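One structure below.
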There are 2 protein chains.
Amino acid sequence: MTRRPSQARDRGIPDATVARLPLYLRALNGLAERGISTVSSEDLAVAAGVNSAKLRKDLSHLGSYGTRGVGYDVQYLIYQISRELGLTQDWAVAIVGVGNLGRALANYGGFVSRGFRVAALFDADPAVVGERLVGMAVEHTDGLENVIENRGVSIVVIATPAAAAQQVADRVIAAGVTSILNFAPVVLNVPDGVDVRKVDLSTELQILAFHEQRKADRETGSSMMAEAMDA
Amino acid sequence: MTRRPSQARDRGIPDATVARLPLYLRALNGLAERGISTVSSEDLAVAAGVNSAKLRKDLSHLGSYGTRGVGYDVQYLIYQISRELGLTQDWAVAIVGVGNLGRALANYGGFVSRGFRVAALFDADPAVVGERLVGMAVEHTDGLENVIENRGVSIVVIATPAAAAQQVADRVIAAGVTSILNFAPVVLNVPDGVDVRKVDLSTELQILAFHEQRKADRETGSSMMAEAMDA
DNA sequence: CGTTGTGAAAGTGTTCACAGCT
DNA sequence: AGCTGTGAACACTTTCACAACG
């Protein structure tokens with residue numbers, strides 16, 4: 001099995017680009033709602049909060065979908081990006097852990113725009129099992145493997161306490177899941193071929209604190225420091 | 001004013017490194033709890049899920065805190081990283097928007113380990129205002145500016161619906177806030193000097209869907225596609 | 001004309017591999 | 001003897017600037 005680091009030439013869209021496609025898609029949907037049918041890279045870039053050269057290079061990885069001198073057709077670009085992201089099919093998502101966060105996720109905007117469907121909710125707590133949420137009964141984690149296979153769940157969201165997350169991951173991976181979105185503050189150990197994305201509130205706050213501290217330092221006694229550093 | 005692109009020599013820690021420090025800190029806290037007092041870059045790297053060369057280079061930006069032939073002192077490194085991240089002081093955080101997500105955030109682990117304190121909760125809905133949550137009454141967003149200034153809030157978490165997010169951002173920035181953690185699915189427009197970090201469920205799911213689709217393509221009819229592509 | 005698509009340059013991040021220290 | 005700290009090589013990403021084209 002040829003295993004180049006990643007990317008390869010075979011239609012490889014850079015990771016940095018993939019991470020921005022959802023952003024463009026949202027900006028395009030906003031334009032479409034306002035009845036705009038054509039957009040230049042400059043205008044779309046502003047709407048998405050990036051610079052226009054980057055946007056053009058990103059889109060060029062998908063193909064040549066623009067018209068020189070004119071711009072991009074909004075609807076057509078929405079379709080192409082959706083297609084590339086795999087949103088033209090519906091993905092069955094299971095949420096494991098129905099605490100505050102799990103509830104928030106389940107309720108979040110009809111789950112999310114298009115492309116995803118909450119197919120199951122799980123919790124280990126018998127007091128929560130049976131509760132109805134977004135038209136769906138919470139099931140006990142005992143049934144995890146069966147339900148995942150029967151309902152074709154391909155993406156699992158882990159919103160359990162940290163202590164339970166690795167065990168949940170092991171079980172859903174054993175059941176065939178290869179995409180996990182992890183909200184628990186632990187590093188999941190997974191085999192090759194399984195994608196994990198992590199969302200971590202405390203990490204984000206700590207990064208903000210770092211920059212905030214920098215800004216504070218710069219205001220008090222900064223010239224002193226600068227001189228000492230220059231020497 | 002000399003303005004090298006960014007970084008410069010003046011103590012500039014690369015962004016990529018800053019983003020990993022919280023990870024190392026968590027891994028170190030785990031080791032400390034298990035009574036481990038010294039750790040090698042290799043072991044710490046495994047615990048944090050990165051490779052050891054990267055870990056060593058990251059730590060080298062903070063200073064020379066290891067001992068050759070031995071490793072790093074766990075407590076000392078915890079202190080140095082905490083210091084660098086600005087966690088040796090307490091940051092007052094305000095959460096705006098007390099829906100499902102806001103509640104989840106407010107309840108999340110006593111907010112988060114150390115360094116942060118929920119100083120205010122705001123909502124625009126009179127039905128929610130007055131409700132008590134983590135020992136704190138939800139206040140009306142009318143008082144945003146006053147409360148931020150009086151309680152020294154320096155980080156604001158926006159957990160409102162998309163439509164309200166920009167307006168909230170404008171107001172808290174006018175009140176002096178320069179660090180925002182945004183959970184609303186919009187690109188916030190902010191002036192220079194204000195840091196925004198964005199957490200976005202639907203973006204994360206879309207990125208997973210992209211990779212999931214790739215994996216699926218590779219299993220079915222991949223050779224056919226590859227040939228068509230090569231031509 | 002105006003705007004895309006893209007080579008080339010610049011900048012940033014990661015990994016290798018080993019000298020240097022304990 | 002073992003492990004850190006780091007130059008040098010490599011890989012990836014962003015930005016520039018302009019030729020190509022509708």
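Letters go in sequence order (proteins before strands), and every chain restarts at 1. All values reported here derive from a predicted model rather than from experimental measurement.
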Just how far, in rounded Å, is [atom2] of [N] from [atom1] of [X]?
| X | N | atom1 | atom2 | answer |
| --- | --- | --- | --- | --- |
| A:Leu55 | C:dT4 | CG | C1' | 11 Å |
| B:Asn51 | D:dG5 | CG | P | 16 Å |
| A:Tyr65 | C:dT4 | OH | C1' | 15 Å |
| B:Lys54 | C:dG13 | NZ | P | 11 Å |
| B:Asp58 | D:dT4 | CG | P | 14 Å |
| A:Leu62 | C:dT6 | CG | C1' | 15 Å |
| A:His61 | D:dT14 | NE2 | C1' | 11 Å |
| B:Asp73 | D:dT4 | CG | P | 13 Å |

Of all the choices, C:dC16, D:dT4, C:dT6, which nucleotide is nearest to the side chain of A:Ser60 once you look at every atom?
->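 Comparing C:dC16, D:dT4, C:dT6 against the side chain of A:Ser60, the answer is C:dT6.
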Which nucleotide in the set C:dT4, D:dT13, D:dT4 lies at the smallest distance from any side-chain heavy atom of A:Arg56?
->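 The answer is C:dT4.
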Minimal non-hydrogen separation, [X] against [Y], with atom names:
| X | Y | result |
| --- | --- | --- |
| A:Val177 | A:Ser154 | CG1-O, 3.8 Å |
| A:Pro22 | B:Gln206 | CB-OE1, 3.0 Å |
| A:Gly86 | A:Trp91 | O-NE1, 2.7 Å |
| A:Ile155 | B:Leu208 | CG2-CD1, 4.0 Å |
| A:Lys198 | A:Ala184 | CE-O, 4.2 Å |
| A:Arg56 | A:Ser41 | NH1-OG, 3.1 Å |

B:Tyr79: what forms a ring-ring contact (aromatic ring centres under 6.0 Å, His included) with it, not counting sequence neighbours?
->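 B:Tyr79 satisfies ring-ring contact (aromatic ring centres under 6.0 Å, His included) with no residue once adjacent residues are dropped.
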Of all of residues 39-50 of chain B, which get a heavy atom below 4.0 angstrom from DNA chain C, listed by number?
->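 Contacting residues: none.
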Point-to-point distance, once rounded to the nearest 0.5 Å, from CZ of A:Phe210 to CD1 of B:Ile13 =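 Answer for the CZ-CD1 pair, A:Phe210 versus B:Ile13, is 4.5 Å.
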Output the distance between atom CG (A:Leu205) and atom CZ (B:Phe116), rounded to the nearest 0.5 Å.
->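 One gets 5.0 Å once the value is rounded to the nearest 0.5 Å.
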For D:dG22, does OP1 or OP2 lie under 4.0 Å from any side-chain N or O of A:Tyr72?
->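 Looking at the OP1 and OP2 atoms of D:dG22, neither is under 4.0 Å from any side-chain N or O of A:Tyr72.
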Would you please confirm or rule out a distance under 4.0 Å between OP1 or OP2 of C:dT14 and any side-chain N or O of B:Arg20?
->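 Yes.
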Pick out which of A:Thr178, A:Val194, A:Asp15 makes a side chain to side chain contact (heavy atoms under 4.5 Å, CB included) with B:His211.
->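 The passing option is A:Asp15.
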Report yes or no: do A:Arg26 and B:Ser202 form a side-chain donor-acceptor pair below 3.5 Å?
->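 A pair is found: one side chain offers a donor N or O, the other an acceptor, under 3.5 Å apart.
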Determine whether the side chains of A:Ser179 and B:Glu212 contain a donor N or O and an acceptor N or O closer than 3.5 Å.
->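 Note: A:Ser179 and B:Glu212 side chains meet the donor-acceptor criterion.
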Which nucleotides of DNA chain D pair, in dot-bracket form (Watson-Crick or G-U under 3.5 Å, | meaning another strand) = ||||||||||||||||||||||
Below 3.5 Å between N/O atoms, which protein atoms pair up with nucleotides 8-10 of chain C? Just atom names and distances, please.
{"from": "C:dA8", "atom 1": "N6", "to": "A:Lys57", "atom 2": "NZ", "distance (Å)": "3.4"}

Does a side-chain N-to-carboxylate-O contact under 4.0 Å join B:Arg214 and A:Glu84?
->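 Result for this pair is yes, salt bridge flagged.
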Could you pull out all donor-acceptor pairs under 3.5 Å where a side-chain atom in residues 156-167 of chain A meets a protein atom, sequence neighbours excluded?
{"from": "A:Gln166", "atom 1": "OE1", "to": "A:Asn189", "atom 2": "N", "distance (Å)": "2.8"}
{"from": "A:Gln166", "atom 1": "NE2", "to": "A:Asp170", "atom 2": "OD1", "distance (Å)": "2.8"}
{"from": "A:Gln166", "atom 1": "NE2", "to": "A:Asn189", "atom 2": "O", "distance (Å)": "3.1"}

Pairs: protein N or O with nucleotides 20-22 of chain C N or O, under 3.5 Å:
{"from": "C:dG20", "atom 1": "N3", "to": "B:Arg68", "atom 2": "NH1", "distance (Å)": "3.3"}
{"from": "C:dT22", "atom 1": "O4'", "to": "B:Arg68", "atom 2": "O", "distance (Å)": "3.3"}

